[in-house]
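Input: a single structure, listed below in structure tokens.
Each residue takes its place number in the sequence, starting with 1.
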Amino acid sequence: MCIVCQWNSGEEKIDWNIEILSCGNCTALTSIPVLPKLVKLLCVDCTALTAIPVMAKLEELYCGDCTALTVIPVMAELK
């Protein structure tokens, strides 16, 4: 289970200051919370992930093989 799923289940508290999030290969992950300081998101092979929220500071996004993901929002800092 990835850290986001642990946050969603109440097992862990959300770290709102996290800058890098790696939750790849998590087939239970359906959504990611808006993390205001996140600059790098790695969610490759998250086959149930349906949406990525707009995050103002996000610079790097790796989401290959996220087969349920249909739209990636426009984000100014995304390279």
Strictly by side chain to side chain donor-acceptor pair (under 3.5 Å), give each pair with a member in [range] just once, sequence neighbours left out.
range	answer
residues 61-79	Glu60-Tyr62
residues 24-36	none
residues 37-55	Asn17-Lys37

Starting from [Y], can I reach [X] by hopping between I/L/V/M/F/W/Y residues whose side chains sit under 4.5 Å apart?
X	Y	value
Met55	Leu78	yes
Leu29	Val44	no
Leu42	Ile18	no
Ile14	Ile3	yes
Leu58	Val54	yes

Separation of [Y] [atom2] from [X] [atom1] (nearest 0.5 Å):
X	Y	atom1	atom2	value
Leu21	Leu61	CG	CG	11.0 Å
Cys23	Leu49	SG	CG	7.0 Å
Cys63	Leu69	SG	CG	5.5 Å

- Message: Within the structure provided, determine whether Asp15 and Leu35 are in side-chain contact (heavy-atom separation under 4.5 Å).
- Response: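 The answer is no; the side chains never approach within 4.5 Å.
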- Message: Could you report the tightest heavy-atom contact between Pro53 and Ile32, atom names first, then the distance?
- Response: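 That would be CG-O, 3.2 Å.
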